[in-house]
Amino acid sequence: MSAKATISKEVFSPQDERMLGAVLVKRRTKKKIPFLATGGQGEYRTYICLSVTNKKPSQVYITKVKQFEGSSSFVRRSQWSLEQLRQVNGIDPNRESPEFDLQFDTAADQWVASSGSEKFTFFQILHHTCQRYLSDRKPEFINCQSRLFSGNSILHSAADSVTSAVQKASQALNERGERLGRAEESTAEMMNSAQQFADTAHKLAMKHKC
């Protein structure tokens, strides 16, 4: 099971939440945190996760999840509601760079994703989620690639792929049904022909006997 699938299962599912997306990150500039404040747990991996509650009305959260070195479990750390997100900064609109900033009402973080493509996918999910769940005061997306806002996003592509797959499956079933129908018709015709032949043979045999 992948790390993101494990986070979804162990961190969000028990809270009756559904994880929409996640990105593995590192800080661009490390914060100076006292040793005692970290509990002396050493190195860790950080994921920025986007989740939504299953209970209505839906609440969307951005959560920082960590996995400490030597541990297989994931720990929920800082969390913000989607309404607290004020700005998403892609840093460079001209290339698929891994750097980005997230600015909230009371905090701001500077991150580097594991890759530019992973950051872009997370941005697409985040932007789509903001459009869906926030009616007003949506966060500002700046310095992002223009294709992020195009209709050919990964979400639309995925939806198109699912629709196409359903249509193909439906067409295949219809074609199969037509073939079965034609086979049944042919079988019925053969049975009728065989019965007619048997009746004719029986009549001829009786006539010859007489």
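All residue numbers in this chain count up from 1 along the given sequence. Everything quoted here is computed from the prediction, not taken from an experiment.
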* Asked: Between Cys144 and Pro93, which heavy-atom pair has the shortest distance, and what is it?
  -> O-CB, 3.6 Å
* Nearest-0.5 Å distance, CD of residue Glu17 to OG1 of residue Thr63 -> 6.5 Å
* State yes or no: do Leu85 and Leu20 share one hydrophobic cluster built from I, L, V, M, F, W and Y residues joined by side-chain heavy-atom distances below 4.5 Å, directly or via other members? => yes
* For Arg86, look at atom CZ and say whether over 12 heavy atoms of other residues, nucleotides or ligands are found less than 6.0 Å away. => yes
* Identify the two heavy atoms, one from Thr6 and one from Phe74, that lie closest to each other, and give their separation to 0.1 Å. => CG2-CE1, 3.7 Å
* Set of residues satisfying side-chain hydrogen bond (donor to acceptor under 3.5 Å, both in side chains) with respect to Arg132, sequence neighbours excluded -> none
* Heavy-atom check, side chain of Lys138 versus side chain of Gln131, under 4.5 Å -> yes
* Asked: Do Asp109 and Arg28 meet the salt-bridge criterion of a basic N to acidic O distance under 4.0 Å?
  -> no
* To do: Any chance you could lay out the side-chain hydrogen bond (donor to acceptor under 3.5 Å, both in side chains) test for Ser58 and Lys56, step after step, and finish with the verdict?
  => CA-CA 5 Å; Ser58 300; Lys56 305 296 182 181; 3.3 Å; yes
* Structure fact -> Closest non-hydrogen contact found for Arg76 with Gln15 is NH2-CG, 3.2 Å
* Asked: Is the NZ or CZ atom of Arg147 positioned over Phe120's six-membered ring, under 6.0 angstrom from the centre and within 45° of the axis?
  -> yes
* Partner residues of Phe123 under the ring-ring contact (aromatic ring centres under 6.0 Å, His included) criterion, sequence neighbours left out -> Phe100
* Asked: For the hydrophobic clusters of this structure (ILVMFWY residues joined by side-chain heavy atoms under 4.5 Å, transitively), does one cluster hold both Phe104 and Ile125?
  -> yes
* Structure fact -> Thr46 and Leu24 have their tightest heavy-atom pair at O-CD1, 3.3 Å
* Structure fact -> For Cys130 and Pro139 the tightest heavy-atom approach is SG-CG, 3.5 Å
* Asked: What are the two closest non-hydrogen atoms of Arg137 and Asp105, and how far apart are they?
  -> NH2-OD1, 4.0 Å
* Phe141: partners by ring-ring contact (aromatic ring centres under 6.0 Å, His included), with sequence neighbours left out -> His127
* To do: May I ask you to decide whether Lys55 forms a salt bridge with Asp16, counting only side-chain N to carboxylate O separations under 4.0 Å?
  => no
